[in-house]
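Note that ligands are numbered from 1 as they come in the structure, with each ligand's atoms numbered from 1 the same way. Any value given below was found using the heavy atoms of this structure, including those in side chains, with hydrogens, waters and symmetry copies removed.
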Amino acid sequence: MLIKVRPSWELRENQVTAEGDYHNRRSFLRKAAGGSLLLGAGAILSACDDGPAQARQEATAASDSVQLAAATAEDPSAHLYPVPRNLSYRIERALTAEQEATTYTNFYEFGSSKNIWKAARALPLRPWTLSIGGMVDKPLEIGVDDLLAQMPLEERLYRHRCVEAWSMTVPWSGFSLAALVKLAKPTSGARYIKFVTLNDSDVMVGQRASWYPWPYVEGLTLAEATNELAFVATGIYGKPLPKQNGAPLRLVLPWKYGFKSIKSIVSVEFTDQRPVSFWEEINRNEYGFWANVNPEVPHPRWSQASERVLGTGERVPTQLYNGYGAQVAGLYATMKDDARLFM
Ligand SMILES: Nc1nc2c(c(=O)[nH]1)N[C@H]1C(S)=C(S)[C@@H](COP(=O)(O)O)O[C@H]1N2
Ligand SMILES: [Mo]
């Protein structure tokens, strides 16, 4: 008998934010990018210097959304979006407000605060070449636009859980990491993939902090990389990925803590050696290689039992594998007593 395992995020569909919500927001942003709101926002900003903080905040938010939309409109891949949604990936939570997810980000290459999105504008997105090498049939250098043209683009709703205990739920656009592995044709000895972020301290000002082991590196086993959930994001909210979220190519691994989802990738290397990731190198007792989400395994300095929902501030219980156990628990079946799986 075939029993279909129902993923937890297929439940309580009625609680998901209506699809229209962020599309409406998009048309607002498009108008804003068109310039009609630009003067208005500027005028409010200068006019309310002594005004109530609330008005100032609203003016800042309006001016931020104009700047965010302008950056999106400039992206050379903008014409590719939106892409069709893959309805197999459903969530039981409301989507995070777009402006939250695109202005509250972790990207140490631009600084250690969450508010780096303006600094990230310095990142040049073209030319952008991905090198695929190591244990593969034939090493390959491919421009991001050629890659995008070959990959099956789709949208997926996923939950994201940062090791710092904040979480969000967002619509990513992109392609399965398995499709990239297929393109790369690893040889039979390959067991891991090492991913590397751009290293350029001229534009990535955070990389001038020389006590970090730049460039940012992450790693996965080949089995993890070809799991159906592993995704390469190239877009978000039906638009190209903003620089601060890791344009033009970033990983999304929803069952792992967010630091595994490496941004602005320039190199993918197949290897038989387990890569040492950026955070593992900094502190292996706090940030391990596996980093699977588990509410019962605390970080050495804080509990992982619950998470703060970005935007609303609500606290909700964290789930084993961030709720994606039906898809990924099998990857770790023979290792499940190893506490390091969850650090
Ligand atoms: N290159 C790089 N990738 C990175 C990071 C980073 O600092 N540099 N931060 C990670 C962390 S800790 C998280 S939680 C996610 C955050 O993704 P978001 O900012 O798009 O929400 O990106 C991950 N990828
Ligand atoms: Mo994170």
[X] neighbourhood, listing ligand 1 atoms whose heavy-atom distance to it stays under 4.0 Å:
X: Ile262; answer: 3 (N), 24 (N)
X: Gly258; answer: 10 (C), 11 (C), 13 (C), 14 (S), 15 (C), 22 (O), 23 (C)
X: Thr197; answer: 1 (N)
X: Phe259; answer: 10 (C), 11 (C), 12 (S)
X: Trp166; answer: 14 (S), 21 (O)
X: Cys162; answer: 14 (S)
X: Thr105; answer: 19 (O)

Sub-4.0 Å heavy-atom approach of Lys260 to ligand 1 |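 Lys260: no contact with ligand 1 (<4.0 Å).
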
Taking the non-hydrogen atoms of Ser264, is any one of them nearer than 4.0 angstrom to ligand 1?
->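 Judged by the 4.0 Å heavy-atom criterion, Ser264 does not count as contacting ligand 1.
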
For [atom], grab the closest protein heavy atom and report residue, atom and distance to one decimal in Å.
atom: atom 24 (N) of ligand 1; answer: Ser261 O, 2.8 Å
atom: atom 9 (N) of ligand 1; answer: Asn106 O, 3.2 Å
atom: atom 20 (O) of ligand 1; answer: Arg250 NH1, 2.5 Å

Verify the distance criterion only: is there a donor paired with an acceptor across the side chains of [X] and [Y] at less than 3.5 Å?
X: Ser306; Y: Arg315; result: yes
X: Asn294; Y: Gln319; result: no
X: Arg191; Y: Thr271; result: no
X: Tyr212; Y: Trp279; result: no
X: Glu141; Y: Thr129; result: no
X: Asn322; Y: Arg159; result: yes

Determine whether the aromatic ring centres of residues [Y] and [X] are separated by less than 6.0 angstrom.
X: Tyr216; Y: Tyr108; answer: no
X: Trp117; Y: Tyr104; answer: no
X: Tyr237; Y: Trp172; answer: no

Hey, does the side chain of Glu307 reach the backbone of Val316 with a donor-acceptor pair shorter than 3.5 angstrom?
->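 Answer holds: no.
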
If every non-hydrogen atom of Phe175 is compared with every non-hydrogen atom of Thr234, which pair is closest and at what distance?
->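 Scanning both residues completely, I find the closest heavy atoms to be CE2-CG2, 3.8 Å.
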
Polar atom proximity, Tyr108 to ligand 1 (N or O, under 3.5 Å) =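 Min N/O separation from ligand 1 is below 3.5 Å for Tyr108.
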
Do any nitrogen or oxygen atoms of Trp172 lie less than 3.5 angstrom from nitrogen or oxygen atoms of ligand 1?
->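 For ligand 1, there is no N or O atom that lies under 3.5 Å from one belonging to Trp172.
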
Where does Glu109 meet ligand 1, judged by heavy-atom distances below 4.0 Å: at the side chain, the backbone, both, or neither?
->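 It is the side chain that gets close, since no backbone atom is under 4.0 Å.
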
Taking atom 10 (C) of ligand 1 as the point of reference, which of Tyr216, Phe195, Tyr212 owns the nearest heavy atom?
->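 Looking at heavy atoms only, the winner is Tyr216.
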
Proximal candidate to atom 21 (O) of ligand 1 [heavy atom criterion; set Met168, Lys263, His160] =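 Shortest heavy-atom distance from atom 21 (O) of ligand 1: Met168.
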
